[in-house]
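As structure tokens, the structure follows; a few thoughts come after it.
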Amino acid sequence: MPELPEVETVRIGLANLLPNQKIKAVWSDWSKSFPNSQADIEAFLIGAKITGVRRRAKVLLIDLDTAYSLVIHLKMTGQIVFRSDDDQLRFGAGHPNESLIGRLPDKSTRVVLTLDGAKLFFNDQRKFGWMRLMPTVEIENLDFFKKVGPEPLAAEFTATHFIERLHRRKNTTIKAALLDQTVIAGIGNIYADESLWGAKIHPAQRVSEIPAAKLKTLFSEMQYVLKLAIEKGGSTDKNYVNAEGKRGSYMSFARVFRRENLPCPRCGTTIIKSRVAGRGTHTCPACQILTK
DNA sequence: CACTTGACCTGTCCGC
DNA sequence: TGCGGACAGGTCAAGT
């Protein structure tokens with residue numbers, strides 16, 4: 001479930017913890033999680049110093065002073081957790097900690113980077129996520145980066161631009177268009193449902209059938225929801241944690257997502273769950289009407 | 001070409 | 001209690 005707000009929360013955490021850290025050792029248990037060769041890892045990662053942490057769409061980028069970067073996609077259940085050796089010892093001694101997860105590595109740990117007095121753990125229960133090492137300048141040439149749409153919170157991204165982008169997928173449902181990373185970057189199932197509820201648009205409505213004024217509302221609702229979610233440290237439904245292993249609190253602000261059988265906070269009607277664009281979809285049947 | 005569906009994985013939950 | 005199957009949802013490949 002890491003979407004833009006979750007990946008951004010991890011980025012903010014790592015940006016405070018990682019710069020100037022030196023990578024001393026690397027361990028991995030699952031080659032698909034970290035497909036680089038041992039030779040590349042030794043040449044460009046071990047001994048490298050971390051210079052910065054960036055995000056583009058749902059992808060995390062850790063830049064190194066070797067002119068290489070770690071490109072990381074958490075997919076559904078990925079976690080990047082920084083833990084100092086001191087904190088790790090407290091777990092062993094049975095001391096409670098605010099972290100949602102216990103002693104590391106655990107059985108979902110796929111990669112461990114040993115730093116100076118700390119370790120960075122890449123955990124991923126479902127093994128869909130990955131990290132890979134590549135020259136920093138080549139990142140923009142990856143297919144995904146060439147095709148991915150604009151950042152929805154960029155200052156220069158306007159409602160007009162948003163509507164233009166959505167119209168690239170005018171014959172599909174608005175939910176499928178929002179989830180399409182080549183249209184706009186970073187929206188996933190949670191924030192698609194939340195934004196559509198905010199704009200009172202049914203997720204199965206065709207893009208071409210939605211008046212521009214409603215799409216304009218959708219633009220501001222989307223920005224509102226994404227900003228609020230970043231402020232709350234993202235959504236923890238099950239797996240997601242930030243760089244310190246702590247949960248995000250957006251789910252307690254969610255209006256429809258995972259709230260089936262509960263009242264709509266706007267009108268009190270019972271929220272229903274259905275399937276749109278192949279995904280579990282949450283709507284208020286009174287506020288979000290499918291027209292035509 | 002535009003769009004939809006299935007595969008990749010594991011853990012959890014539900015019904016029998 | 002155990003077991004099969006549905007489900008979770010980001011992205012790419014394959015199918016319509």
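Here is the naming used below: chain letters follow the sequence lines, and residue numbers restart at 1 for every chain.
- Formation of a donor-acceptor pair under 3.5 Å by the R55(A) side chain with backbone atoms of A57(A) is found in this model.
- Counting to the nearest Å, the C1' atom of dA8(C) and the CG atom of D193(A) are 13 Å from each other.
- Nucleic acid contact for R110(A): none, since no nucleic acid atom lies under 4.0 Å from a heavy atom of the residue.
- Nearest nucleotide to the K127(A) side chain, out of dC3(B), dT10(B), dT11(C): dT10(B).
- Of the side-chain N and O atoms in T172(A), one or more sit less than 4.0 angstrom from OP1 or OP2 of dT4(B).
- Rounded to the nearest Å, the gap between the P atom of dC9(B) and that of dC3(C) is 24 Å.
- Pairing for dG9(C) is absent, judged as Watson-Crick or G-U wobble with the two contacts each under 3.5 Å.
- Using a 4.0 Å cut-off, no side-chain N or O of R126(A) falls inside it from OP1 or OP2 of dC8(B).
- Rounded to whole Å, the distance from CZ on F145(A) to C1' on dT11(C) is 13 Å.
- Position along DNA chain C of the nearest nucleotide to K147(A) versus G280(A) favours G280(A) as the more 5'-ward residue.
- For the OP1/OP2 pair of dG10(C) and a distance below 4.0 Å, the side-chain nitrogens and oxygens of R279(A) include at least one atom meeting the criterion.
- In this model, a donor atom of one side chain and an acceptor atom of the other lie less than 3.5 Å apart for E6(A) and Y191(A).
- The distance from atom CZ of F144(A) to atom C1' of dA13(C) is 16 Å, rounded to the nearest whole Å.
- dG10(C) atom P lies 20 Å from atom CE of M131(A), rounded to whole Å.
- Summarising the geometry, the separation between CZ on R258(A) and P on dC13(B) is reported as 12 Å, rounded to the nearest angstrom.
- Around the NZ atom of K232(A), the shell of radius 6.0 Å holds more than 12 heavy atoms that belong to other residues, nucleotides or ligands.
- When the P atom of dC7(C) is taken as reference, atom CE of M76(A) falls 15 Å away, rounded to whole Å.
- dG9(C) and dC3(B) have their P atoms separated by 23 Å, given to the nearest Å.
- Judged by ring centres under 5.5 Å apart and planes tilted less than 30 degrees, F128(A) stacks against the six-membered base ring of dC8(B).
- Protein atom NZ of K75(A) is 15 Å distant from nucleotide atom C1' of dT10(B), rounded to whole Å.
- Between N189(A) and dG9(C) there is a side-chain N or O to OP1 or OP2 distance below 4.0 Å.
- The phosphate of dC3(B) (OP1 or OP2) has no side-chain N or O of K175(A) nearer than 4.0 angstrom.
- Contact annotation for D143(A): no contact, since no heavy-atom pair falls under 4.0 Å across all strands.
- Counted by atom type alone, N123(A) and T109(A) present one or more donor-acceptor pairs between their side chains at under 3.5 Å.
- Note on Q181(A): a side-chain N or O is less than 4.0 Å away from OP1 or OP2 of dT11(C).
- Closest to the side chain of K58(A), out of dG10(C), dT12(B), dG11(B), is dG10(C).
- Taking only side-chain nitrogens and oxygens, H73(A) comes nearer than 4.0 Å to OP1 or OP2 of dT11(C).
- Listed for the K273(A) side chain is no donor-acceptor partner under 3.5 Å among the backbone atoms of T283(A).
- In this structure, N123(A) atom CG and dT10(B) atom C1' are separated by 14 Å, rounded to whole Å.
- Backbone-only contact: G188(A) has heavy atoms under 4.0 Å from sugar-phosphate atoms and none from a base.
- Of the possible donor and acceptor atoms, one in the side chain of T136(A) sits under 3.5 Å from a partner among the backbone N and O of A67(A).
- Both distances falling under 3.5 Å, in either a Watson-Crick or a G-U wobble arrangement, place dG4(C) opposite dC14(B).
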